[in-house]
Protein chains: 2
Amino acid sequence: MRINRVFEALSHPVRRQILTLLKAGPMSAGELAEHFDLTKPTLSVHFNKLREAELVAIERRGTSLIYHLNMSILEEALGGLLGTRDQTP
Amino acid sequence: MRINRVFEALSHPVRRQILTLLKAGPMSAGELAEHFDLTKPTLSVHFNKLREAELVAIERRGTSLIYHLNMSILEEALGGLLGTRDQTP
DNA sequence: ACTCTAATTAGATATTTTTCTAAATATGAA
DNA sequence: TTCATATTTAGAAAAATATCTAATTAGAGT
């Protein structure tokens, strides 16, 4: 896990909102995009950052790409910072 | 708590390392600066972002400013995203 | 093969963030 | 008051990020 990518990904409110939406269950790029006042290409860039951080995984179904939340990475990253273990890079 | 400021503050590796250093106990700005290959003004900017996010508190002792970790804000912010805030055993 | 839908990548621009040097502020001691 | 130490603030340049429009890729159905 690249801890730096995870926290960088979490730093934007849109990306945190995407994760929150995905807590309810997997969703396609288009469905996610409906929740924001941004163009699809812009959202696509946000999806990509979340994917690089492994905070989401992708599954293709037909022409749609379904995004799934990867809760374990979130737990690892945040728990690592909260814990007493030395996290110095 | 401005959740956005907290995650923005956590997005930079230097600032996360500052928090990690402060886990061991309060430290002055100068002592913290010794751990980095950056100028003091640059570190000062990082301290300020952590302070605005209320992730650290400041106490003055003589000419030194002592930084303290504010663990509760960290727990609130990260716990809020994990959705584990209300799990009291 | 052609067309439609879903989504991404490319390229450009605007905004934000990081970092530095130089100058300023605050405190304590001589 | 003057000096020294610790740290911050100001201003500017460099680097990174976010956003848009236009073009491209991928799959499904006709």
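Reminder, nothing fancy here: chain letters follow the sequence lines and each chain counts from 1.
- The two residues B:Asn4 and A:Ser11 come nearest to each other via the heavy atoms OD1-O, 4.3 Å.
- Closest non-hydrogen pair, B:Ala53 versus B:Ile73, comes out as O-CG2, 3.7 Å.
- Between the CG atom of A:Asn48 and the P atom of C:dA10 there is a distance of 10 Å, rounded to whole Å.
- Which of D:dC20, D:dT17, D:dT7 sits closest to the side chain of A:Leu38 comes down to D:dC20.
- OP1 or OP2 of C:dC20 has at least one side-chain nitrogen or oxygen of B:Thr39 nearer than 4.0 Å.
- Picking from D:dG27, D:dT8, D:dA18 the nucleotide with the shortest atom distance to the side chain of B:Ala29 gives D:dT8.
- Closest to the side chain of B:Thr42, out of C:dT19, D:dT9, D:dC20, is C:dT19.
- What separates CZ of A:Arg51 from C1' of C:dT8 is a distance of 11 Å, to the nearest Å.
- Of the candidate nucleotides C:dG28, C:dT8, D:dT8, D:dT8 has the atom lying nearest to any side-chain atom of B:Lys40.
- OP1 and OP2 of C:dC4 both lie 4.0 Å or more from every side-chain N or O belonging to A:Thr63.
- Residue B:Arg16 holds its CZ atom at 7.5 Å from CG of B:Leu10, rounded to the nearest 0.5 Å.
- Closest to the A:Leu65 side chain, of the nucleotides D:dT5, D:dT9, C:dA7, is C:dA7.
- Using a 4.0 Å heavy-atom distance criterion, B:Phe36 is classed as making no nucleic acid contact.
- Listed candidates were D:dT7, C:dT9, D:dA18. Nearest to the side chain of A:His12 is D:dA18.
- Following rounding to the nearest Å, A:Asn4 (CG) and D:dT17 (C1') show an atom-to-atom distance of 14 Å.
- Listed candidates were C:dA26, D:dT9, D:dT7. Nearest to the side chain of B:Pro41 is D:dT9.
- By the neighbour-count criterion of 12 heavy atoms within 6.0 Å, atom CZ of B:Arg60 is densely surrounded, having more than that number from other residues, nucleotides or ligands.
- Between B:Lys49 and C:dT17 there is no side-chain polar atom (N or O) within less than 4.0 angstrom of OP1 or OP2.
- When all heavy atoms of A:Lys23 and B:Leu82 are compared, the pair lying nearest together is NZ-C, 4.3 Å.
- The interatomic distance linking A:Leu43 (CG) with D:dT21 (P) rounds to 13 Å, in whole Å.
- Separating the CZ atom of A:Phe47 from the C1' atom of C:dA7 is a distance of 9 Å, rounded to the nearest angstrom.
- Side-chain nitrogen and oxygen atoms of A:Tyr67 include at least one within less than 4.0 Å of the OP1 or OP2 phosphate oxygen of C:dT8.
- Of the residues near DNA chain D, B:Val45 and A:Arg15, the one whose nearest nucleotide (by heavy atom distance) lies more toward the 5' end is B:Val45.
- One can place NE2 of B:His46 at 12 Å from P of C:dT17, the figure rounded to the nearest angstrom.
- Applying the 4.0 Å criterion to OP1 and OP2 of C:dA7, one finds that A:Ser64 has a side-chain N or O inside that range.
- Exactly one residue among A:Ile18, A:Val14, A:Leu21 makes a side-chain contact (heavy atoms from CB on, under 4.5 Å) with A:His35. That residue is A:Leu21.
- Across the protein-nucleic acid pair, A:Arg61 atom CZ and D:dG29 atom P stand 13 Å apart, rounded to whole Å.
- What separates CD of B:Glu59 from P of C:dT27 is a distance of 14 Å, to the nearest Å.
- Here A:Glu31 lies out of heavy-atom contact (under 4.0 Å) with every strand.
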